[in-house]
Every structure is written in C-alpha cells, then in structure tokens.
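Below, each value reflects all heavy atoms present in this structure, side chains not excepted, and no hydrogens, waters or symmetry copies. Below, chains carry the letters A, B, ... as their sequence lines are ordered, and counting in each starts from 1.
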Amino acid sequence: MSIIEELSDIFGEAFKSLDLPRELGNVRTSDRPEMAEFQCNGAMPAAKQAGKNPREIAQAIVEHVQDHPNLKDVSIAGPGFINIFVTNEFLTKYVQDVQLPKLSEGETVILDYGGPNIAKPMHVGHLRTGIIGDTLRRILDKVGFHALGDVHMGDWGTHMGMLMMDYIRTSDESIVMDCNLEDADAVQTLFDDMAERYPKASGAAKENPELMQEARAATVKLQNKEEPFLSMWQKIRDVSIRAMERNYGLLNVRFDLWKGEADVHDLIAPMAERLKQKGFAVQDDGAWVIPVERNDDKKKYPPLILYKSDGGVMYGTTDMATIVERINLYDPSRIIYIVDQRQSLHFEQLFRAVRVSNIVRDDIELTFAGVGTMNGTDGKPFKTRAGGVMRLSDMIEMAQSKALERLNEAHLAQDMSEEEREKIALQVGVAALKFADLQNQRHADYIFDLDRMTNFEGKTGPYLLYQAVRIKSLLRKAAEQGLNIADDASFSIHEEERALALLLTALPDVLTLAVRNYTPHVLCDYVYNLAQTFSSFYGNCHILSEENENVRSSRLKLCNLTLERLEQVFELLGIECPERM
RNA sequence: GGUCCCGUAGCUCAAUUGGAUAGAGCAUCUGCCUUCUAAGCAGAGGGUUGCAGGUUCGAGUCCUGCCGGGAUCGCCA
C-alpha cells in the first residue's frame, strides 16, 4: 500500500461513517506545501450530493479522524478543503518501505512499438514510438503484467520485390548471399548498400511501369516461397535485424518478439475465407471490404479493405491477421499500439473490424496510444539541416559527441581513460535524447531542438545523472570515512528533510497514474522533482561534516533512499547511470 | 467540406483528469565555489490559459459558437 492509499482509507472510512461514498475520501498530495502535505477534497462534492454545507461535512470528517495516530494535524480551509499533515513516525515508516503497486496478477499485455521496415535505415521517426513504447513495457512489467514488446517490422511488401529485383538486374545477388552474418563489418557494408539501393530502386519502379511489374511479380514469388527470392529475403531480413538491434540497443529499447508481417502471411487466406463465409466481408468496387460503420457515426465511415480490387492485401489485412496470431499464441488481455497519431483512423477501422467480426472478445482491451509528431524548430516535421531525413544512428552519434564536448568543458570525467569517457558520453547523450522526448505528453506534437536538448542544463537527462552520480560519490566518501548509515530504528526525519522524505514516498502513485493513461511523462516529472528537491537539500544541509551522529546517519540514509528511487525510475525509463563522472 | 488533435510566460513544456495564489526549464537580472562534483544552489522579473458565451460553491480542464495551426478522409504503409 502507498501512503496515499493508506490516507485515502482513513478518510474513506470517515466518509462511509457518514453514509457517503468511500471514494470521496480519496487523498492527494497537496499542491500548496505551506498549507498542507496532503489534502482531501471530498467534502465539496459530498455537500452537493447531500444538499448540505461543505464546511459542515468537512467538520464532521475532521472530527471523525481527529485522534487518528497517523495524523498530526487536520484542518479545514476555503470552501471545504481538508488539509492534512502526517506524523513523523508515519512518514518515517513509509519512506523506508516504498512498495510499488501491484496492478495485475500477470495478465499478458502486448505492446506494438516498433514498425521499422527492413532494408531501410531507421530514422528519427522511430525514436519516439520506440522509447515511449519501451518505457510503457517496462512500467507494465514492473506493476505485475506480463508485458511483451513486439517490433512488428515491415518485411513483406512490394518494397522487398523492388530491392531484390535491383540486385538481380545488376547481377549483384552475391553481395547479399555471400554476406557473413557473424562479421559485423560485412553486415554493415551490406546494410549500407541496401540503404543506398532502395531509394533508387523505388524511384525507378515508380517511373517505369515495367520495373514495377517485375517487382510485384518478385513479391508474389517471394510470398509463394520461391527461390532465389526466399533465401535472398531471409538474408536481407537478418542483416536488417542486426542493424535494428544495434540502433535500439544504443537506446536501451528492447523487444521480446521480433516478428514481422511475413509471420502472419499464412494466416491471411483462411482468415479472409472465414470473413467472407460469415458475411463480415463484402465486395465493393471490386475489392473485398469489411464495413465498420455504426449508427451513431455522423458521417459515413470508410470500410477496412481486406483485398484490393487487384487481389493484393493491405496493411489493414496484415494487422488483422497479426491480432489473430497474437491471440492464438499469447492470449493477451490487452494489446497496445504505440504508433504515430496520424494513424488513428486506420486503427479505429481495424479495431471496429476485429470487433464486428468477433475476432476479438469483448474482454480484450485494444488501445491506440497515439504519439505526436516530432517537429523541427520550424514547426514542420523534423529534417536535417540539408533537408533530408535524419538517421537515428546519426542522431545518437551527435548526442554522444555533444555530450563528450560538454564533459570536457565542465571538467567532468577527466581522470578516466578515453574509452571510459566515450562510454559515459554515450550514456549521457542517450539520457539527454530520451528524457527530452519522454517528458512531453505522449499524444501531442512536439518540437525537437537538438541544440536545446544537448544544452544539458535544467530539466534534462544529464541533470538527473549528475545528481545521482553526486550521491554515489558522497556515499563512497562516507564509506571511506567509516560513517554509519542509520538503520530503521535510529532513522529520523528532521524539518529541513521533510520535503524530500515526502517525495520519496510518492513513486507508487505516480506509477499507477502512468499506467492508467499510458503516459510515461508523469514519471519524468516525478524524477526531476525528486532530483531537484535532493539537490536543494544537498545545498542546504552539509552531510559528511555534520557533527550530530543521528542527523548525519539519517541524512546518509536519505541519500541512499533517494539514489534507490532515482535508479528505480532510470530503469523504468531505460536510462543508464554511470558510477562516476 | 467532414472527422480528429492542438492553442498556457519571449521560447520549449507541465498542471495529479473540475479544486485553493496556473507551475518548471531555457533566455534575462541579482547573489553563492580555500567544506560532500557549480551540468549545481538561493532569489527576482515575466500570464486576460486564442476569442465570446454557458454549466456551478469553483473552469486551463466540461458544453456551445467563432478564430488560428496541424493531421486525416477505400484500394500506399
């Protein structure tokens, strides 16, 4: 139980004793620290329901909880706010025993937050869905779900046909086939070659109908598992996965499932047959579609296209088949799509289609967790200075080298080897990149400014790492000097440490909030707040030189607990923290 | 034209889902390094929450109508 939950219980009981709903007793942290540590606002809605004066109800509640041993002071303010201060003993207990919420008994949740196409370099567009999705996966896993991240790559479309035909036409199949997957350099060379070829092949096919025809034919042969297409495709896929693993790895973004559209190819025909037989799919303009209109739609709603009029399938079809596969293999209670907000219509169609056709039971929750577009400082979709699409690997490299520059300027990590410093620079750069992104609300568009992000001052990833490293350094010094850290019995919280102590207890409720709305940014807010409050404490209270043994050992304990909490959140955000810098 | 999203300090973003005096960072200004890492700390200035109504004890948040920006609207993904 969290401190908020226990307080809510106390006040919930009080409301219940007045024949009012328990929920009115819900307590929250106060946004007015000088007036209260916690507050309960239930008296006002209660007054509305009961037709009474809110202050009278508040008064009754206060009288009911007046002598509770955990509460130091309870008072009424304004129209009926109940302001709460807790006792030191109560706070001390919770500071030392922060339990993360248990929101599931191991239900399976599938998160879909990848989507890169094979044979194409990853670009900045993959950054946001990747890190938000990965963080949500970590959060859900932490609170008791069995969370599975699926990369769901695009590996089965006409773009494969175009690329393969290009190799065949230039008699360069061997470049693909002879590549040794164990040789990192060879893999990189082939990947670069594909990255260069694909846009050319694609452009040529768009202009020349004959080439397009060839590419389509090759794609069909691939889908029929014919050689040499199948082997070639497998090689291209393997090499691409290596590249994805590298990029995602640098960002600490992990997946449990490396599946792609190809994995569900064989499920499509039987699924479509069933849909036709049962009448869920109908013919329209030569295409097979699933109508998904509803009576309360204000405007006619476009159907999901199952088969195009030329017999080909669309991404809605593969997405449906993917849902079929996921239900068959993993029996999830939720599927969450962390994808670009601009696809909201597509997913609404998809969800309606699988519901009306009874592919998905009512008790399975399908969620479209759309993410906003990443724009440049001009407010338009993010581009490089030259106007092109920025590769993800280039962006990570820029963040790293900027971090290295700043480390040198600030005279940090100067006593280390160059290799160590490089590693720290990567950790700092990635922290900057991820935190800059994760702290924004998920669904809104946001402006991505590399210069601002790599400034490393204020509300940034590097600030967080800096605070954590400072604590580590302090604790090392304390250990060297043989100083004691307070144990449970001797630990006490003093006035100037109270704000920090209160924050240390707040993580469970923040986590619950992040899960409820799938919004990791509340965690960023929390961790920054904690780091800043610690920094203020650190500036105001000297620790190692404190002469009062009890005060010193208790402060060391607070340092320990703060570090623990910071590292817990870093883990959830997929941010690595160095030992020293 | 329909639908969806957005509009909060000079800039970039928050605001615990309807709560008290709308908070942070950057930028600007003032202090603080012979004591634990100054990527820091303490403080100041900066707001008609796009506009106009409505709902109620109470609105940045909900409703209606405007204005402005973006996305999207069947055979691409």
Side-chain angles (χ1 to χ4, degrees), chain A residues 4 28-32 35-36 39 41 44-45 47-48 53-54 77-81 83 115 117 154 157-159 261 284-289 297-310 312 314-316 318-319 340-346 348-349 370 372-373 375 377 379-380 406-407 409-412 428 436 439-441 443-449 452-453 455-460 462-463 465-467 469-478 481 506 509-510 513 516-517 521-522 524-525 528-529 532 535-536 538-546 559 580-581:
Chain A
I4 292 274
R28 39 179 276 188
T29 56
S30 174
D31 47 2
R32 302 281 301 275
M35 296 181 77
Q39 60 178 297
N41 301 338
M44 290 169 288
K48 193 177 286 187
N53 181 342
F81 296 104
N83 285 333
N117 285 327
T158 313
H159 69 288
E261 294 171 334
D284 188 19
D285 273 345
W288 282 93
V289 304
D297 287 338
K298 287 173 195 144
K299 191 73 182 173
K300 73 171 185 205
Y301 216 89
L304 183 134
I305 297 181
L306 199 61
Y307 284 114
K308 299 187 286 184
S309 44
D310 70 0
M314 302 239 318
Y315 71 141
T318 37
D319 282 348
D340 196 309
Q341 188 74 250
R342 287 174 289 193
Q343 298 203 36
S344 62
L345 177 63
H346 166 69
E348 179 63 23
Q349 289 175 292
T373 310
N375 289 326
T377 42
K380 293 179 188 153
R406 292 302 309 259
L407 282 173
E409 274 173 27
H411 305 291
L412 290 169
V428 171
Q439 67 177 295
N440 295 300
Q441 284 198 64
H443 67 273
D445 292 353
Y446 84 116
I447 290 181
F448 188 85
D449 184 346
R452 182 159 48 79
M453 191 208 71
N455 203 17
F456 299 167
E457 274 158 28
K459 193 174 181 180
T460 63
Y463 172 88
L465 297 186
Y466 180 73
Q467 298 304 341
V469 166
R470 240 174 19 171
I471 299 176
K472 289 183 183 186
S473 158
L474 183 74
L475 290 171
R476 265 198 308 272
K477 284 217 165 84
Q481 295 174 26
D509 304 295
V510 174
L513 188 63
R516 192 187 340 156
N517 299 328
H521 83 279
V522 295
C524 295
D525 218 58
Y528 176 68
N529 225 320
Q532 207 178 33
S535 190
S536 174
Y538 179 91
N540 293 326
C541 303
H542 217 272
I543 298 164
L544 296 181
S545 65
E546 170 62 44
C559 291
R580 306 187 306 129
M581 69 186 202

So what does [X] touch, heavy atoms closer than 4.0 Å: a base, only the sugar-phosphate, or nothing?
{"X": "A:H346", "result": "nothing"}
{"X": "A:Q349", "result": "nothing"}
{"X": "A:A287", "result": "base"}
{"X": "A:M314", "result": "sugar-phosphate"}
{"X": "A:C524", "result": "nothing"}
{"X": "A:S309", "result": "base"}
{"X": "A:I305", "result": "base"}
{"X": "A:P45", "result": "base"}
{"X": "A:Y538", "result": "base"}

Practice prompt. Please confirm whether any donor atom in the side chain of A:R28 sits under 3.5 Å from an acceptor in the base of B:U16, or the reverse.
Written response: yes
Response to the item:
In RNA chain B, consecutive runs of at least three Watson-Crick or G-U pairs below 3.5 Å, as range with range, amount to B:1-7 with B:67-73, B:10-13 with B:23-26, B:28-32 with B:40-44, B:50-54 with B:62-66
Discussion item. Using the P atom as the point on both nucleotides, what is the distance between B:U28 and B:U55, in whole Å?
Written reply: 47 Å
Discussion item. Can you check the distance between B:A22 and B:G60, where both ends of the measurement are the C1' atom (answer in whole Å)?
Written reply: 7 Å
Item to complete: Using the aromatic ring of A:H542 (for Trp, its six-membered ring), decide whether it stacks on the base of B:C36 within the limits of 5.5 Å and 30°.
Response: yes
Fill in: Residue closer to the 5' end of RNA chain B, A:A410 versus A:M35 (nearest nucleotide)
A:M35
